[in-house]
Amino acid sequence: MTTRLYSHPVFLEHLTPPGHPERPDRLRAIERVLDDEAFSALDRVKAPEGDEATILYAHPEDFIARVRAAIPESGIVSIDADTSASPKSWQAAVTAIGAANAAIDDVFEGRAANVFVAARPPGHHAEKTTAMGFCLFNTAAIAARHAQKKHQAERVAIVDWDVHHGNGTQDIFWDDPSVLYCSTHQMPLYPGTGAKSETGAGNIVNAPLAPSTGSETFRDAFLSRVLPSVDAFAPDLIIISAGFDAHHRDPLAEINLTEDDFDWATGQLMDRAGRHSGNRLVSLLEGGYDLQGLAFSVAAHVGRLMKG
Ligand SMILES: [Zn+2]
């Protein structure tokens with residue numbers, strides 16, 4: 001069994017205004033770096049069409065209808081100050097969900113050792129009833145629920161190392177002890193949530209990082225807060241909200257990680273998936289806005305996943 005990679009051409013067709021950091025070129029940079037011979041063993045699969053009904057796992061019907069109604073027939077519209085939609089955004093968002101759910105099926109049904117989903121738009125800022133922070137629907141939250149509904153997973157851990165706090169994922173699972181949400185993120189930074197004191201039903205573990213910190217602080221937060229929480233929770237599945245904007249080159253934040261840190265963190269979570277989760281691990285792309293930092297970080301992440 002090998003590492004599976006989901007992608008789809010429609011992910012390039014979710015358009016944002018000129019100069020917006022969350023742009024199609026992000027996926028082109030990832031495609032280019034994964035074209036290298038070192039990744040020839042990747043099992044590359046075109047994402048299946050998503051099942052719109054699964055959006056309901058994390059969002060109410062009236063909110064879904066509102067997003068759908070906002071999709072324009074042409075051009076680009078603003079959903080909020082920094083979130084936008086173009087004609088293909090609905091299909092891109094639903095296909096991202098389809099890819100994530102398929103990845104869950106793959107690790108539960110033994111079709112892949114682990115999976116990386118290279119999709120956009122990202123998802124972790126989308127709250128139950130609010131699209132924000134470049135995100136329309138919360139793909140990771142929907143995938144976690146899909147694992148519970150279809151595969152009887154009792155406990156799902158979502159580990160989010162995007163440099164921004166995943167307020168959406170925290171919101172959706174705030175009072176649900178069947179899902180552990182652990183986040184490392186810069187604080188203060190958008191969206192403003194993610195203090196240590198935000199603990200939900202005891203299932204929310206925030207590890208804020210001060211601006212200008214780097215590898216040592218990040219790894220210490222992982223070792224002292226994230227990994228012990230995952231161990232205590234003993235999840236049936238680990239989902240990574242894999243944003244790479246804590247890379248030192250990233251223009252949106254001031255955390256100074258290198259690709260080696262993402263390699264290391266990936267290895268730590270693979271080790272935990274081995275101990276607790278039958279190796280079931282699915283990684284979903286979130287942020288990462290410097291094309292070179294993103295490409296190198298994804299290469300380190302996927303390369304580590306492939307080592308098994
Ligand atoms: Zn981010």
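Each ligand, and each atom within it, is numbered from 1 in the order the structure gives.
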> Measuring to the Zn ion (ligand 1), does H185 have an N/O/S atom at a distance below 2.8 Å?
Replying inline: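 Looking at H185, which is the residue asked about, there is no N, O or S atom under 2.8 Å from the Zn ion (ligand 1).
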
> What N/O/S atom of H164 gets nearest to the Zn ion (ligand 1)?
Replying inline: ND1

>> So, using side chain to side chain contact (heavy atoms under 4.5 Å, CB included) as the criterion, who are the partners of A38 when residues are at least two apart?
In response: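 Result, side chain to side chain contact (heavy atoms under 4.5 Å, CB included) vs A38: D36.
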
>> Using the side chain to side chain contact (heavy atoms under 4.5 Å, CB included) criterion, which residues pair with P48? Sequence neighbours excluded.
In response: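 Here the qualifying residues are Y6, A102.
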
>> Are F134 and Y289 an aromatic pair, judged by ring center distance below 6.0 Å?
In response: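 Aromatic pair counts; centres sit under 6.0 Å.
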
>> Measuring centre to centre across the rings, with the benzene-like ring taken for any Trp, is F296 within less than 6.0 Å of H247?
In response: no

> Where the Zn ion (ligand 1) is the centre, what is the OD2-to-OD1 angle for D245 and D162, rounded to 10°?
Replying inline: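 With the Zn ion (ligand 1) as the vertex, the angle is close to 110°.
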
